[in-house]
Amino acid sequence: MPVSRSRRPPARSNTRSFASRRATCSGPTSLRHRLPGPRVFWADEIAAAARGPQVVNDSKTPSGTVHVGSLRGPVVVDTIARALRRAGVPVELRYGVDDLDPMDAQALLTPDAIDRYMGVPLGHVPDPVGDCHASYARHFAQAFIDTFDGLGIRPDVYYWMSEIYASGAMDRYIRAALDAAATIRDIYRRVAHVDHPDEWHPLFVICTSCGRIGTTIVTGWDRASGTVRYECRPDLVDWARGCGHAGTASPFGGRAKLPYNVDWAAKWDLFGVTIEPAGKDLSTRGGSRDRSDAIAREVFGNEPPMNVPYEFLNIGGRKMSTSRGLGASATQVADVIPPEQLRTLFLRPRPKVAIEFDPDGTDAIPRLFDESDRLAAATAGREVRGELPADHERVFAYSLVEPDADIATEAAAYRPPFAHLALLEQVPGVDVAERVAAEKGSTLTAREAEILDERRHAARAWLEAYAPERARMSVVRDELPVAVAALDDGQRAYLRALRDALAEAAWNGDAVQGAIFATAKARDLAAGRAFAALYAAFLGRDSGPRAGWLLAALDREFVLSRLVEASA
RNA sequence: GGGCGCCUAGCUCAACGGCAGAGCAAGUGACUCUUAAUCACUAGGUUCGGGGUUCGAAUCCCCGGGCGCUCACCA
């Protein structure tokens with residue numbers, strides 16, 4: 001009685017299909033020229049191997065806030081779906097919310113709620129924040145759906161497992177799993193070395209007495225009456241306490257849920273899933289994916305979908321963790337890394353390669369922007385220095401938030417260099433928008449103004465939370481910077497002369513900058529030494545932003561008196 | 001203990017059987033005007049070690065080392 005249904009041929013074949021590279025040399029010379037070149041972008045490679053319509057699936061338990069690392073899966077899934085669409089393959093992207101999973105983390109519960117709600121399905125726990133959502137699950141699911149949307153990840157279907165179970169769609173799988181209880185126990189033993197007692201059945205009933213699902217064990221199945229015998233045990237798991245109730249119940253129509261691995265295999269069959277990437281925690285041998293594959297084949301008579309195992313995002317060589325503070329949650333990082341750059345970060349490496357990303361006190365974030373800008377420039381046909389990743393224009397296109405955006409227009413948009421912006425943001429009184437337009441050489445388009453705003457916001461957030469000391473600068477106002485002591489006589493004399501020149505100059509960036517150069521020239525001092533003296537006098541360091549505009553942004557009397565002090 | 005990934009220039013990585021490369025950092029120089037910008041140039045390597053296959057190996061195979069993540073309860 002396998003619950004099988006006719007399904008499309010799986011997308012698998014060989015994932016390392018190098019069809020394009022093996023193409024015979026009968027094509028145009030330009031193509032032949034590319035043959036030994038770099039491999040195609042990984043998602044396009046998957047798309048090229050696909051045969052027939054595809055159903056791409058992913059799901060998530062809405063147990064709390066999303067952290068950045070967990071965004072890789074959704075980006076991978078979305079990119080595969082986009083690549084398939086581009087290849088002309090009919091595709092449906094489905095995203096499941098596992099809201100019948102039990103509450104198992106108490107971090108977000110108030111102390112008095114812990115007793116009551118640990119082990120209860122997330123969909124039955126009240127919204128911890130207030131009553132803006134129907135449940136805990138709805139609250140956090142909404143948060144990650146919003147996050148996905150901001151990243152341009154828009155599944156065709158979001159489905160809620162509580163609703164799928166309630167609809168009765170899972171009943172036939174529940175029945176099949178209970179019938180095959182012995183087989184499933186054997187699979188757990190054989191594949192994962194997990195030894196469940198013979199009384200164990202692959203099902204969790206929602207206790208009719210206390211409402212918990214994480215504490216129940218089904219100990220018997222009566223096919224004839226379609227009921228199970230279950231117990232809600234106080235000591236079944238150590239993170240929740242069952243009420244001790246024992247009884248008989250119907251497991252259908254949303255009153256019970258299959259264990260994770262069985263549930264997964266059932267979903268594949270129900271939705272006809274052909275591709276489902278899984279993180280390395282699940283993809284390990286003997287892990288969830290292996291168990292679910294075996295259950296799909298041996299219990300539901302169904303070939304599992306193609307897996308695309310993906311690695312995680314490490315921060316400073318370590319897995320990211322909420323307890324490590326800065327930058328853990330997706331929303332925090334989204335402040336500093338706009339969606340397009342975040343997509344680039346996740347897309348560029350092949351899925352199985354771990355991403356090392358350490359934004360704290362490093363230039364990792366400015367460099368991510370630079371890399372993203374190079375991709376845009378190269379896609380726009382501008383010459384860029386250095387090498388580019390394979391199919392760089394695809395990487396750029398898939399990084400765009402809007403799947404339908406005009407690639408050429410996006411690529412051509414002016415993108416102010418991030419590090420430069422971060423500097424401008426720190427110069428008091430500067431009109432950044434005007435400055436950027438001047439550097440571009442023409443008025444910003446609406447889209448460019450949008451990009452600028454996004455980056456200014458990111459730059460300020462970066463300076464506040466991550467930037468290394470050398471990227472920060474501030475005018476030393478209260479006292480003479482110690483760096484002044486290192487100035488030589490020529491530099492001191494220069495500062496003195498500049499004081500006189502500035503006393504009469506117009507007080508704007510151009511005029512001051514002009515005076516700085518003119519005075520250096522007149523005194524035969526190398527420009528570099530002149531600037532170094534200025535930076536020492538005002539910033540206490542040997543370099544800085546454009547000095548003319550920096551000084552013009554300051555109070556004139558302060559500038560003049562500081563120049564006198566520093567030249568003494 | 002099992003699995004996966006990684007180890008190439010100071011850092012981050014590319015090259016996936018055909019001359020070891022780029023970005024950033026560093027150094028030198030240019031610039032009366034983006035002086036943390038831009039431009040030119042320079043330097044930097046026993047590709048973790050040892051075997052093997054090959055005309056040819058960073059790349060493929062075997063042995064060893066190191067780092068990281070992950071699984072072995074639940075999801």
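All values below come from the heavy atoms of this structure, side chains included, with hydrogens, waters and symmetry mates left out. It should be emphasised that the depicted structure is a prediction, and the values quoted were computed from it without experimental measurement. Numbered from 1 within each chain, the chains take letters A, B, ... in sequence-line order.
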Filtered N/O pairs between nucleotides 23-25 of chain B and protein, under 3.5 Å:
unit_1 : atom_1 : unit_2 : atom_2 : d
B:G23  : N2     : A:R367 : NH2    : 3.3
B:C24  : O2'    : A:D363 : OD2    : 3.2

Item to check | Residues that A:R460 engages under salt bridge (charged side-chain N to carboxylate O under 4.0 Å, His left out), provided they are two or more places apart | outcome: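 If we apply the salt bridge (charged side-chain N to carboxylate O under 4.0 Å, His left out) test to A:R460, skipping adjacent residues, the hits are A:E425.
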
Checklist entry - Can you name the residues that form a salt bridge (charged side-chain N to carboxylate O under 4.0 Å, His left out) with A:D373, not counting sequence neighbours? => result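 Checked A:D373 against salt bridge (charged side-chain N to carboxylate O under 4.0 Å, His left out); matches are A:R455.
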
N/O-N/O pairs, protein side and nucleotides 6-9 of chain B side, under 3.5 Å:
none

Which pairs, protein N/O on one side and nucleotides 71-75 of chain B N/O on the other, fall under 3.5 Å?
unit_1 : atom_1 : unit_2 : atom_2 : d
B:C74  : OP1    : A:H196 : NE2    : 3.4
B:A75  : O3'    : A:D101 : OD1    : 3.1
B:A75  : O3'    : A:D101 : OD2    : 2.7
B:A75  : O2'    : A:T61  : OG1    : 3.1
B:A75  : O2'    : A:D101 : OD2    : 3.1
B:A75  : N6     : A:S288 : OG     : 3.0

Run the side-chain hydrogen bond (donor to acceptor under 3.5 Å, both in side chains) test against [X] and tell me which residues pass, sequence neighbours left out.
{"X": "A:T379", "result": "none"}
{"X": "A:Y398", "result": "A:D44"}
{"X": "A:R394", "result": "none"}
{"X": "A:E163", "result": "A:R138"}

Closer than 4.0 angstrom, basic N to acidic O: yes or no for [X] and [Y]?
{"X": "A:R289", "Y": "A:D293", "answer": "yes"}
{"X": "A:R233", "Y": "A:E199", "answer": "yes"}
{"X": "A:R189", "Y": "A:D198", "answer": "yes"}

Checklist entry - Would you call the rings of A:F418 and A:F369 parallel, tilted or perpendicular if under 30° counts as parallel and over 60° as perpendicular? => result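 Rings of A:F418 and A:F369: parallel, under 30°.
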
Checklist entry - Under 30°, 30 to 60°, or over 60°: which ring-plane class applies to A:Y95 and A:Y158, parallel, tilted or perpendicular? => result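 Because their plane-to-plane angle lies in the 30° to 60° range, the rings of A:Y95 and A:Y158 count as tilted.
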
[atom1] atoms of [N] and [M], separation to the nearest Å:
{"N": "B:A22", "M": "B:U8", "atom1": "C1'", "value": "12 Å"}
{"N": "B:C7", "M": "B:C60", "atom1": "P", "value": "11 Å"}
{"N": "B:A58", "M": "B:A40", "atom1": "C1'", "value": "31 Å"}
{"N": "B:G23", "M": "B:U38", "atom1": "P", "value": "13 Å"}
{"N": "B:U35", "M": "B:A25", "atom1": "P", "value": "16 Å"}
{"N": "B:U42", "M": "B:C48", "atom1": "C1'", "value": "29 Å"}
{"N": "B:A43", "M": "B:C63", "atom1": "P", "value": "41 Å"}
{"N": "B:G21", "M": "B:C62", "atom1": "P", "value": "29 Å"}

Are side-chain heavy atoms of [X] and [Y] found at a separation under 4.5 Å?
{"X": "A:M161", "Y": "A:D101", "value": "no"}
{"X": "A:W507", "Y": "A:L554", "value": "no"}
{"X": "A:L122", "Y": "A:T61", "value": "yes"}
{"X": "A:R72", "Y": "A:F312", "value": "no"}

Next on the checklist: Tell me whether the NZ or CZ atom of A:R291 lies within the 45° cone about the ring axis of A:W264 and under 6.0 Å from its centre.
Outcome noted: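 No.
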
Item to check | Partners meeting ring-ring contact (aromatic ring centres under 6.0 Å, His included) with A:Y310 (sequence neighbours left out) | outcome: none

Rounded to whole angstrom units, what separation is found between the [atom1] atom of [X] and the [atom2] atom of [N]?
{"X": "A:F41", "N": "B:A14", "atom1": "CZ", "atom2": "P", "result": "13 Å"}
{"X": "A:L550", "N": "B:A37", "atom1": "CG", "atom2": "P", "result": "16 Å"}
{"X": "A:R72", "N": "B:U70", "atom1": "CZ", "atom2": "C1'", "result": "14 Å"}
{"X": "A:F357", "N": "B:C13", "atom1": "CZ", "atom2": "P", "result": "11 Å"}

Next on the checklist: Only Watson-Crick and G-U wobble pairs with both distances less than 3.5 Å should count. Give RNA chain B in dot-bracket notation, marking inter-strand partners with |.
Outcome noted: (((((((..((((....[..)))).(((((.......))))).....(((((..]....))))))))))))....

Checklist outcome for this item: Readout for nucleotides 27-35 of chain B: B = base within 4.0 Å of protein heavy atom, S = sugar-phosphate only, - = neither; 5' to 3' it is -----BBBB

